[in-house]
Amino acid sequence: MESNELLRVQHEVTSERDPEKRRAAIDQAYVEVLRFLDSEADVIGRQAFSDRLQQILDGAPPDFVIEKDGPAYVGPDTAQPWRFGPPGNPVIRGMNVLTLREGMVSFVRGLVAS
C-alpha cells in the first residue's frame with residue numbers, strides 16, 4: 001500500500017470501536033509483529049495493538065471521536081496529526097507516526113501534545 005492509503009487505514013483502525021471490524025482492517029495493513037508504543041503501553045502484535053486501541057476507546061466517553069488534525073507527513077516515516085474528543089471540540093491532540101516496511105505498517109508511535 002502507498003503511504004496515504006496506510007494513513008487512511010490507520011485512521012479507520014484507531015476510530016473503529018467494533019473489535020472485529022478493527023481487526024480486519026489491521027490484518028490488511030499491519031505486519032504480524034507490529035509494535036505499538038504510546039505513553040502508557042509498549043505492545044507487540046496485531047491483537048495486542050487492537051486490544052490497546054480498545055482500551056483507549058473504552059476509557060473515553062461514547063461521543064469521543066478521532067479526527068484528522070492537519071496535513072499528513074509522508075517520508076521514511078509517515079505521520080498524521082489527530083484530535084480526540086466530541087466532534088469539533090477536541091480535549092486532546094497528538095500524532096501517530098508510522099514506520100513502513102514493504103508496504104505495511106511495522107511500528108506505530110502514538111504521541112500526545114503537551
Side-chain angles (χ1 to χ4, degrees):
M1 286 187 193
E2 297 288 325
S3 296
N4 287 326
E5 178 65 10
L6 288 168
L7 286 170
R8 185 197 62 75
V9 173
Q10 171 72 13
H11 180 73
E12 177 184 328
V13 164
T14 57
S15 302
E16 182 57 63
R17 289 183 181 264
D18 180 292
E20 290 180 20
K21 289 180 182 176
R22 181 178 48 253
R23 182 56 200 258
I26 288 170
D27 288 348
Q28 75 176 1
Y30 298 79
V31 299
E32 193 70 42
V33 292
L34 163 73
R35 180 176 177 200
F36 174 78
L37 175 67
D38 69 9
S39 61
E40 297 180 15
D42 186 356
V43 300
I44 304 288
R46 291 174 176 165
Q47 189 60 51
F49 175 51
S50 184
D51 293 345
R52 175 66 185 134
L53 294 175
Q54 191 68 48
Q55 182 183 33
I56 292 167
L57 293 169
D58 286 349
D63 66 329
F64 274 35
V65 296
I66 296 175
E67 299 174 308
K68 293 179 183 175
D69 195 29
Y73 299 87
V74 179
D77 285 339
T78 299
Q80 177 66 61
W82 51 262
R83 58 185 181 230
F84 189 50
N89 190 23
V91 297
I92 190 168
R93 284 185 151 89
M95 180 179 292
N96 288 330
V97 180
L98 313 179
T99 298
L100 311 179
R101 186 176 75 215
E102 298 175 9
M104 297 184 84
V105 179
S106 63
F107 187 16
V108 178
R109 289 177 302 276
L111 307 174
V112 176
S114 59

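We count residues from 1, following the sequence as given. The structure presented is a predicted model; accordingly, all values stated were derived computationally and were not measured.
- Taking hydrophobic clusters as Ile, Leu, Val, Met, Phe, Trp and Tyr residues chained together by side-chain heavy-atom distances below 4.5 Å, Leu53 does not share a cluster with Ile66.
- Heavy-atom neighbours of Glu5 CD from other residues, nucleotides or ligands within 6.0 Å: above the threshold of 12.
- Residues meeting the side-chain contact (heavy atoms from CB on, under 4.5 Å) test with Ile92, sequence neighbours left out: Trp82, Phe84, Val112.
- With sequence neighbours left out, the side-chain contact (heavy atoms from CB on, under 4.5 Å) criterion links Pro61 to Asp63, Phe64.
- Minimum heavy-atom separation, Pro81 to Met95: CG-CE, 3.8 Å.
- Residues Val43 and Tyr30 are members of one and the same hydrophobic cluster, defined by side-chain heavy-atom contacts under 4.5 angstrom among Ile, Leu, Val, Met, Phe, Trp and Tyr.
- For Arg23 and Glu20, the salt-bridge test fails: no basic side-chain N is under 4.0 Å from an acidic carboxylate O.
- Within the model, atoms CG of Leu98 and CG of Asp77 stand 8.0 Å from one another, a figure rounded to the nearest 0.5 Å.
- Distance CG/Asn89 to CZ/Arg83: 10.0 Å, rounded to 0.5 Å.
- Two residues are said to be in side-chain contact when any heavy atoms from C-beta on lie closer than 4.5 Å; Thr99 and Arg109 meet this criterion.
- The CD atom of Glu2 sits 13.0 Å away from atom CZ of Arg8, with the distance rounded to the nearest 0.5 Å.
- Within the structure, the ring pair (Phe, Tyr, Trp, His ring centres under 6.0 Å) test picks out no pair touching residues 8-28 (sequence neighbours left out).
- For the atom pair Gln80 CD and Asn96 CG, the distance stands at 8.5 Å (nearest 0.5 Å).
- The two residues Glu16 and Leu57 make their nearest non-hydrogen contact at O-CD1, 3.3 Å.
- Under the side chain to side chain donor-acceptor pair (under 3.5 Å) criterion, Arg52 pairs with Asp38, Gln55, sequence neighbours left out.
- To the nearest 0.5 Å, the span separating CD on Gln47 from CG on Asp27 amounts to 9.0 Å.
- Glu67 places a side-chain heavy atom less than 4.5 Å from the side chain of Pro87.
- With side-chain heavy atoms closer than 4.5 Å counting as contact, directly or through intermediates, the hydrophobic cluster containing Phe107 also holds Leu37.
- With sequence neighbours left out, Asp42 forms a side chain to side chain donor-acceptor pair (under 3.5 Å) with Arg35.
- A chain of hydrophobic side-chain contacts below 4.5 Å, direct or via other Ile, Leu, Val, Met, Phe, Trp or Tyr residues, connects Met104 to Ile26.
- One side chain, Ser50 or Arg22, offers a donor N or O that lies under 3.5 Å from an acceptor on the other.
- Between Val31 and Val105, every side-chain heavy-atom pair lies at or beyond the 4.5 Å cut-off.
- Counting heavy atoms from C-beta on, the side chains of Leu6 and Thr78 never come closer than 4.5 Å.
- Note: the hydrophobic cluster containing Leu7 also contains Phe36 (ILVMFWY, side chain heavy atoms under 4.5 Å, direct or indirect links).
- With rounding to the nearest 0.5 Å, the separation of CZ in Arg93 from OG in Ser114 is 13.5 Å.
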